[in-house]
Every structure is written in C-alpha cells, then in structure tokens.
Amino acid sequence: MPQITLPDGSVKSFEHPVSAFDVAMSIGDRLARACVGALIDEELSDLSTVIDKDCTLALVTEKTRDKQDDPNAMYLLRHSTAHVMAEAIQRIVPGAMLVYGPPLENGFYYDIAFPEDRPLKEGDFEAIEAEMAKIVEEDRPFTRYELEYSEGLSKVKSEGSKYKLDNAHRAHEAGSLSLSFYATGEPGRDWEDLCRGPHVPSTGRIGAFKVMSLASSYWHGDENSDRLTRVYGTAFFSKKDLAAYLDRIEEAKKRDHRVLGKKLKLFHIDETVGQGLILWTPNGSVVRKELQSFISMELAKQGYHEVFTPHIGKLDLYRTSGHFPYYAESQFPPLIERDHMAQLSEEGCSCAQLSNHMTTGEIEGFMLKPMNCPHHIKVFDSQPHSYKDLPVRLAEFGTVYRWEQSGELNGMTRVRGFTQDDAHLFCTPDQVAHEVQGCLLLVKTIFSVLGMEDYRVRVGLRDPDSGKYTGDPANWDKAEQACREAAQTLGVPFTEEPGEAAFYGPKIDFVVKDVIGREWQLGTVQVDYNLPERFDLSYVGPDNEKHRPVMIHRAPFGSMERFIGVLIEHFAGAFPVWLAPEQVRVLPISEKSNDYAHEVMSALHAVGIRATLDDHDQRVQAKIKNGSEMKIPYLIVVGPRDAENRAVSVRAFGIEKDLGSMPLDSFVSAISEEYRTKGRSTVRQRFETVKA
RNA sequence: GCCGCUGUAGCUCAGUGGUAGAGCGCACCCUUGGUAAGGGUGAGGUCGAGAGUUCAAAUCUCUCCAGCGGCUCCA
C-alpha cells in the first residue's frame, strides 16, 4: 500500500492505490482545486495519475508560494493549450494533419501540415481563438489512456497520418512499450491526440490564451523534408498575466536596436546599397570609434600589433586556406579578371563550366574576404620567426563579407558585410593555454566596463565518435584542456558542448540574448592546428629545427555590427557618456541666453566633449522632452541666472528632476573626468561631494 | 532559400474602387519662456517597383524588390 512522501518530509499512507488528486484532497480541497499536476518521483505527471507504490509526491499548483509562475505548471498549461488549439484548427480546416506540438519557454507551437489548397492565414486566428474559447468553456477533462504498442500502432495507422505514425515509431524506438493518447473529454467521443502528456486536468484551467504567429518549418528540421506550418501561441492561467506578457513584449520592442537605431540615428540600411550592408551614420560611428579605440588600447596592453589588410584576396589564397570552393555557398561570388572573362565569353563558356574552372583553379580571380586569417597568415609569414618572437599577435578591425541567406538577415545582428575585432595569435603549442586565457581576460575587462554580465560561455569540444577532426589527438587533448581551464578562470558559468568544436580545433564562444530572447554568438576564441599546416607555417625552435606554430583565432566581440546592435539593446539606447554620440546638449531658456549658451558649448568642445546647442524657439520644457527622448546623458539648462554666475543647471538622463546648479568650470572638468574614466567618476558624484 | 505578415510624407501610422490624410520632425511668424510638448502659417508624397483588371486602383490580381516573425544555415 503506497506510502507517499511529501516535500516537507511528511509521509502519508493509503490503503489502496490513490490518484495524485486524491492525495491533494486529503490535504485540503482548496489545495486540490489549485493543483494542475504532480511531480511523482520527480516526474511531471497528470493529477489523475494513480499511485500504487511508494513514491515522493510534490503537487504542482498554478503559482508557487511566492506567487510566481511555476515552470511545471506553465509547461502543463501550454502543452494542454496546444491540444486545444490543434482541435480548434482541425475544426476550421478539415484535413489539417498534426505533427508535433510542444510547450516552449513563453508559449507553445504546433507544427501542422495543411492541405495545399487551404493554407492557414493570420486572418484565421480570430476564428481559431473563438473555437478555442468554446472548448475552454466546455471545461472538458484531459483523459489519458494507454494502448499496448502494436494495438496503439494499428489505431494510429487507421487514422492515416504519416506524421503521427512517425511519432509512434519514435516513441517505440525511445523504449516505450505502449502508446498513450489524450482525449479532450471522453475517449471515442471527443477529439484526441497521440501524446505522451502530461496535461492539466481539464480545458477549463486555461485562463487566457492567444494565437501569436505563423511560420514555416521543416519536418524533423530537415530542409529536404516536408514543409510544415508552425502555429505559435501562448497561454496563462489568468488574463492579467497574459496582458502583462503582451505588455512586456511591447516594452521590449522599444529597446530593439532596429527601432532605436532609427530613432537615435545610429545606422541605416539602404536597399539600393544592398541587404545586410550597414551604413554607419555619424552617431553610430561615434559609438563604434569609441569602442574600437577602447579595444585597441587593451590590445596594446596585451602586446598585440595592429595591421591593415585589403578587403579582397586572390582565389588561390582561399583554395590554400580551404575556404574556396568548400564554403562557396556562403560567400559572395568571385570577381573574375577582365581578360579571363572576355576569353571565356569568346569560347562560349557556360556558367557550369565557369564554376568548374574556378574550382579546379584554371581561372584566377579575386574574392571578397570571408575571413581575415589568410591575410594575417601572410603577414606573419612575410618574415622568418624564431621561437623567441612568439607569440606573434596580429590584430585588425577587419571587414569581411559573407553571403547569408536572405531570410537570416536581421538589423545589425546578422549582416553580409561586417567588421570583426579580429586577431590571430601564432604561438608554440606550450603557449596555447596562456594565450587563450589572455583572450578571455580581454573579454572580461571590456564586458565589465560595459556592465554586460548577462552572457553565457560555451566551450566547444570535439565529438569523440566523429572522424571529421584534423590534427594530432594529443594536441586536441591539450587544447581542450586549455580551453576548459581558461573558461574556469573567467568566473562565469559555462557549458561544455561536445561536437561543437570547429573541425580544426576547440573553441570558446560568448553568447548573449537580444530583447526578443534570441541568442546571438558574439565573440569566439578558436584554437587552430589546420591552417598553419595548410600554409606550411614554421618557426625555428631552440633546437635550430623548424616547428609548426599553433594559431588562435579570436574575435572576442564577434563583429562591430552585431556587438553594437546588442549594446544598443543592453543600454536601451541610453549610452554612458564615453560612448554617447551626443554627450551634452545645452538648452538656453530664451534667445537672451544664446550667447552664454554658445560660450558653454565652446568650453565643452575645447576639452573634446561632444556638445550641441538647442536654440530652437521653444520653451525649455519642450527642449528637455526632446533631449530626453534622444537619451542624451546631460542636458544643461542655461538662463540669465546661470550666465550671471557663470554656472550651468544640470539634468542627467533618467532622473526626473534637475541635479541643481554647478559652476561651468566644475561641470567641464567633471564631465571630462566621467568621459576619461568611462564612468568610474561621474558628474552626479561631483554634486554629491559638493553637498557633503 | 522556405511559410506567413507588412511596405502611404524624414519618423510613427490612418485611409476597402471615385480630388492622398494625421501627429511628430522641418521652415517661417507670434511668443522671451527656469526643468518632460506655448500658439499660428507653410513646405514636403512616382502610395516599394513593374504588369494586369476597370470608365476609374494606395485600395482588386499577378510578378519582382525590401522589411518583420519563425524554420533552415552560420568556416
């Protein structure tokens, strides 16, 4: 007879098998009513699950004790809502075949194959939601039943969906001896779906839901397989929670770098220039320049040397590096020399022949560089090296071009031309660990100055079962260990991911989320044994013999485009003084104060502060509103009173009222200090010292 | 590349077959104002591009281009 251990350690004994719901009832009927599921021996289960042996049991309620969403409850709710949506869709579009409908972090989706002559459109959402509301209103129980595998399989077969049949096969392959089905209501009478569950007790528990969007997807994620329609939705226990979620999405959109980029005039993408090609406008250029010089300074401290290399290189260079033709699909097409072109044209060369000629190397041409490494290798190899020279660290803000699929392009975060904060380190095998650590130190320094703490670190290791890797296994072991140890020195949580290494070496990636919750890889540090081999690089060792150096590719911030895109969102457009395109705006109270305002602006310009003057014929309230919307760090109001005292009235971004008045000279020195120290000393602090 | 949605003034957007609109921004005038929008006047548009249907197209159809969400991809 079951002895059930509850989370507080107490044990309940029952004479007969009981359901999780019965246990809840035995504690209290209010609790039972609040329950949506149960964790039985840590496994999320239906509330109706019958317990016939000893176990631990934790009841899952809509909210945790501290009124937060319970992730398990949300999982049950959203999984269940996916069923309700699927039923509604099948009522509206007969012949729609269900494929797979899992819950997600913020909702759920259902992949569905629609008849070709009846695709789902956004215009159908209203009708779907209306059907869903009916099903919720009917408050039908989710009823689980299981069939022995072969019996279940013949049931699924009789229903004629290859997708569900495939799901059944997969369940079997994963070790299931039976198949479970969930009826929304009564089996045999109401709608049902092959499903492993679990679910909330009944549709009435779904408090609020919304069909969000449509997308296409591939069956099994395989682009050569069937194209499915993915319908996204979300659900909450209360309408209030749903409204709050939708508000959060609206708020996040305001931080979106594409929205702020326009509003704050940071960058422009012009379709006549080309998709995915960023035009840095003056404001954005200031941010980029400040960041680049900061990085450059840190690089110099670490013994890097900056180089400049051109944007193109000969095709043959990329044959040696292996970029061409292997990655030709993600590159802009090669530039063919004019004489070759003319000759080929005379010979009546077809496109296919041209492509073959290029692959075999019979045609020379140039390529927009997809990576900086070949150029840097040639810089390294332009002179012989002794082991005493190593490591050689060559850095460049190098612009590269890649042919990203059109559907992938996204503001500044996914583009076709971008500038990496790239560097290549050439070192002895023994120096790898130290150099990798140096790269991570750089990341840590710069992230901490920017206040970026919300990133994750991924250590990509080789998949021991795969033979795709190049290089000596002993070196791999050492390099992987070096990466692992370096990641530990960062003091940030990291995950080791076997199979995520490049084919030529292990790597460390830095991943951040954007406002919509999408993850982007920023920086990467990669150990490479392959390219030194391909380019036959060498240095002379203490034994007077030639040795092969190891290369480390590192672009700790990825690209200036992506990094600044993420940075815009990180600061919600309100850059700190050192990065702000416009650091100070001077607001004269009226024309009468324009002369003094000009004087103030000149004093700021004289010390290199980016200051502007708003001499529009408006009241100061309006100027403050405009200045605040542009997220300018300091607005200084000057009127006759200030002019008389040679003072300024200071207003800092994000503070509702003004900080007070300060002598002009003090403000100039305080903001210079804030600029120079990247915010370690601020104008605000100056006010506080004065008060103290 | 795939599916869906969107494209109207510099920006945000309204406009369902019959003379292209609003707010913000911009210019000028009035106002000379002390901490989140003072008032007025005005300029500004091949309605993403091309083709079609129609007496008539921003509006309906098709093709293309671009953006957005997702899928796939990312050396």
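Just so we're on the same page: letters track the sequence lines, and every chain starts at 1.
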Student: Let me know the distance between CD1 of Ile624(A) and C1' of G38(B), rounded to the nearest Å.
Tutor: 15 Å
Student: Quick one: does Ser216(A) reach the base of C2(B) with a side-chain donor-acceptor pair under 3.5 Å?
Tutor: yes
Student: Looking only at N and O atoms, is any donor in the side chain of Ser593(A) or the base of U32(B) less than 3.5 Å from an acceptor on the other one?
Tutor: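 Between U32(B) and Ser593(A), which were checked side chain against base, a qualifying N/O pair under 3.5 Å is absent.
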Student: Starting at the 5' end of RNA chain B and moving along, which residue's nearest nucleotide shows up first, Tyr218(A) or Val637(A)?
Tutor: Tyr218(A)
Student: Taking the same atom, C1', in C30(B) and in G67(B), what whole-Å distance lies between them?
Tutor: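 After rounding to an integer number of Å, I get 43 Å for this pair.
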Student: Counting only Watson-Crick pairs (N1-N3 plus N6-O4 or O6-N4) and G-U wobbles (N1-O2, O6-N3), all under 3.5 Å, who is the partner of G4(B)?
Tutor: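 The base-pairing partner of G4(B), which may sit in any strand shown, is C68(B).
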Student: Taking atom types as modelled, is there a side-chain donor on Ser649(A) or Asp642(A) under 3.5 Å from an acceptor on the other?
Tutor: yes
Student: On a whole-Å scale, what distance lies between the P atoms belonging to A9(B) and U59(B)?
Tutor: 15 Å
Student: Just how far, in rounded Å, is P of G34(B) from CG of Leu659(A)?
Tutor: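 Leu659(A) atom CG is separated from G34(B) atom P by 20 Å.
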Student: I'd like the C1' distance from C73(B) over to C5(B), given in whole Å.
Tutor: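 About 23 Å, rounded to a whole number of Å.
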Student: I want to check a possible cation-pi pair here: Arg78(A) against Phe236(A), using under 6.0 Å from ring centre and within 45° of the ring axis as the test.
Tutor: yes
Student: Find the partner of A22(B): check Watson-Crick (N1-N3 plus N6-O4 or O6-N4) and G-U wobble (N1-O2, O6-N3) distances, both under 3.5 Å, and reply none if neither fits.
Tutor: U12(B)
Student: So Leu409(A), base contact, sugar-phosphate only, or nothing? Heavy-atom distance under 4.0 Å.
Tutor: sugar-phosphate
Student: Would you say Arg641(A) places a side-chain N or O within less than 4.0 Å of OP1 or OP2 belonging to U35(B)?
Tutor: no
Student: Go ahead and name the base partner of A56(B); Watson-Crick or wobble counts if both distances stay under 3.5 Å, otherwise write none.
Tutor: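 Because no pair has both required distances under 3.5 Å, A56(B) counts as unpaired.
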Student: Between the base of G25(B) and the side chain of Asn626(A), is there a donor-acceptor distance below 3.5 Å?
Tutor: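 Under the 3.5 Å cut-off, the side chain and the base do not form any donor-acceptor pair.
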Student: C73(B), OP1 or OP2 - any side-chain N/O from Arg402(A) closer than 4.0 Å?
Tutor: no
Student: Specify the separation, in whole Å, of atom NE2 of His424(A) and atom C1' of A75(B).
Tutor: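 The distance from NE2 of His424(A) to C1' of A75(B) comes to 11 Å, rounded to the nearest Å.
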Student: Can you tell me if the side-chain N/O atoms of Gln521(A) get under 4.0 Å from OP1 or OP2 in C74(B)?
Tutor: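 No, outside the criterion.
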Student: Who does U41(B) pair with, Watson-Crick or G-U, both distances under 3.5 Å?
Tutor: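 WC or wobble partner is A27(B).
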Student: What is the nucleic acid contact for Tyr326(A), judged by heavy atoms within less than 4.0 Å: base, sugar-phosphate only, or nothing?
Tutor: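 Nothing: the residue Tyr326(A), judged by heavy atoms under 4.0 Å, touches no strand.
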Student: What I want to check is whether the side chains of Thr399(A) and Thr419(A) have a donor and an acceptor closer together than 3.5 Å.
Tutor: yes
Student: For a quick check of understanding: with a heavy-atom distance under 4.0 Å over all strands, which category does Lys262(A) fall into, base, sugar-phosphate or nothing?
Tutor: sugar-phosphate
Student: Under 4.0 Å, heavy atoms only, any strand: does Glu329(A) hit a base, just the sugar-phosphate, or nothing?
Tutor: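 Since no nucleic acid heavy atom lies under 4.0 Å of Glu329(A), the category is nothing.
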Student: Looking at G34(B), A36(B), A75(B), which one has an atom nearest to any side-chain atom of Tyr327(A)?
Tutor: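 Minimum distance to the Tyr327(A) side chain belongs to A75(B).
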Student: Between His257(A) and Arg562(A), do the side chains contain an N or O donor and an N or O acceptor separated by less than 3.5 Å?
Tutor: no
Student: Across the strands shown, which category fits His616(A) at heavy-atom distances under 4.0 angstrom: base, sugar-phosphate, nothing?
Tutor: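 His616(A): backbone/sugar contact only, no base atoms under 4.0 Å.
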Student: Is it the case that G34(B) (base atoms only) and Ser649(A) (side chain only) share a donor and an acceptor within less than 3.5 Å, ignoring hydrogens and angles?
Tutor: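 Per atom types, the contact qualifies.
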Student: Between P on C28(B) and CD on Gln618(A), what's the gap in Å once rounded to a whole number?
Tutor: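 My rounded result for the distance is 13 Å.
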Student: What's the gap between G45(B) and U12(B) when it is taken at their C1' atoms, as a whole Å value?
Tutor: 16 Å
Student: Determine whether the aromatic ring centres of residues Phe557(A) and Phe563(A) are separated by less than 6.0 angstrom.
Tutor: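 Yes, ring centres under 6.0 Å apart.
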Student: Looking at Arg518(A), does any N or O in its side chain come under 4.0 Å of the phosphate oxygens OP1/OP2 on G69(B)?
Tutor: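 Looking at the OP1 and OP2 atoms of G69(B), one of them is under 4.0 Å from a side-chain N or O of Arg518(A).
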Student: What contact category does Gly639(A) fall into here, base, sugar-phosphate, or nothing, at under 4.0 angstrom with non-hydrogen atoms?
Tutor: base
Student: Checking Asp166(A) against His220(A): is there a side-chain donor and acceptor pair closer than 3.5 Å?
Tutor: yes
Student: Base, sugar-phosphate, or nothing for Gln405(A), non-hydrogen atoms under 4.0 angstrom?
Tutor: base
Student: By nearest atom, which of the nucleotides G70(B), G4(B), C3(B) is closest to the Thr229(A) side chain?
Tutor: C3(B)
Student: Distance check, P atoms only: G15(B) and C28(B), in whole angstrom units.
Tutor: 35 Å
Student: In whole Å, what is the span from the CE atom of Met371(A) to the P atom of C74(B)?
Tutor: 13 Å
Student: So Glu591(A), base contact, sugar-phosphate only, or nothing? Heavy-atom distance under 4.0 Å.
Tutor: base
Student: A36(B), G33(B), G34(B): which one has an atom nearest the side-chain heavy atoms of Arg619(A)?
Tutor: G33(B)
Student: I need the Ile112(A) CD1 to Ile89(A) CD1 distance, nearest 0.5 Å.
Tutor: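 Taking CD1 in Ile112(A) and CD1 in Ile89(A), the distance rounds to 4.0 Å.
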Student: Heavy atoms only, 4.0 Å cut-off, all strands: where does Gly660(A) land among base, sugar-phosphate and nothing?
Tutor: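 Nothing, no heavy atom under 4.0 Å.
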Student: Are OP1 or OP2 of G70(B) and a side-chain N or O of Ser213(A) less than 4.0 angstrom apart?
Tutor: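 Answer no for this pair, as no side-chain N or O of Ser213(A) is under 4.0 Å from OP1 or OP2.
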Student: On a plain distance test, is the side chain of Asp617(A) in donor-acceptor contact with the base of U31(B) below 3.5 Å?
Tutor: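 Answer is yes: a donor-acceptor pair is held.
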Student: When the C1' atoms of C64(B) and G7(B) are compared, how many Å lie between them, rounded to an integer?
Tutor: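 Those two atoms are separated by 14 Å.
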Student: Mark yes or no for a side-chain to base donor-acceptor pair under 3.5 Å between Arg651(A) and A36(B), with no hydrogen or angle criteria applied.
Tutor: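 It does, because a donor-acceptor pair links the side chain of Arg651(A) to the base of A36(B) below 3.5 Å.
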Student: Report the residue (Phe653(A) or Gly407(A)) whose heavy-atom-nearest nucleotide on RNA chain B is the more 5′ of the two.
Tutor: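 Closer to the 5' end of RNA chain B: Gly407(A).
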Student: For Gln331(A), which contact category applies under a 4.0 Å heavy-atom criterion: base, sugar-phosphate, or nothing?
Tutor: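 The residue Gln331(A) makes base contact.
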Student: Paired with G33(B) by Watson-Crick or G-U wobble geometry, both distances under 3.5 Å: which nucleotide is it?
Tutor: none
Student: Would you confirm whether the ring centroid of Tyr110(A) sits within less than 6.0 angstrom of the ring centroid of His79(A)?
Tutor: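 No.
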Student: May I ask you to say what Ile516(A) touches in the nucleic acid, namely base, sugar-phosphate or nothing, with a heavy-atom cut-off under 4.0 Å?
Tutor: sugar-phosphate
Student: So, Asp422(A) and Asn372(A): side-chain donor and acceptor under 3.5 Å apart, yes or no?
Tutor: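 Short answer, yes.
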Student: Only pairs with both distances under 3.5 Å count, Watson-Crick or wobble alike; so what is the partner of A49(B) in this structure?
Tutor: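 Pairing partner: U63(B).
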Student: Say you pick atom P in G17(B) and the same atom in U61(B); how far apart are they, in whole Å?
Tutor: 12 Å
Student: Taking the six-membered ring for Trp and the full ring for Phe, Tyr or His, determine whether the centres of Phe426(A) and Phe380(A) are under 6.0 Å apart.
Tutor: yes
Student: Does the side chain of Arg258(A) get closer than 4.0 angstrom to OP1 or OP2 of C68(B) through an N or O atom?
Tutor: yes
Student: Counting any heavy atom closer than 4.0 Å, what does Ala622(A) reach on the DNA or RNA strands: base, sugar-phosphate only, or nothing?
Tutor: sugar-phosphate
Student: Counting side-chain heavy atoms from C-beta on, which of C71(B), C3(B), C2(B) comes nearest to Arg227(A)?
Tutor: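 Output: C2(B).
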Student: Can you tell me if Asn410(A) touches the phosphate of G67(B), counting only side-chain N or O atoms and a distance under 4.0 Å to OP1 or OP2?
Tutor: no
Student: Starting from C1' on C74(B), measure out to OH on Tyr401(A) and report it in whole angstrom.
Tutor: 19 Å
Student: At less than 3.5 Å, do the side-chain atoms of Tyr232(A) and the base atoms of G4(B) form a donor-acceptor pair?
Tutor: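 Absent.
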Student: Decide yes or no, distance alone: a donor-acceptor N/O pair under 3.5 angstrom between the base of C74(B) and the side-chain of Arg414(A).
Tutor: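 Between C74(B) and Arg414(A), which were checked side chain against base, a qualifying N/O pair under 3.5 Å is present.
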Student: Please report, rounded to the nearest Å, how far the P atom of U12(B) is from the CD atom of Glu250(A).
Tutor: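 Atom-to-atom, Glu250(A) to U12(B), this comes out as 15 Å.
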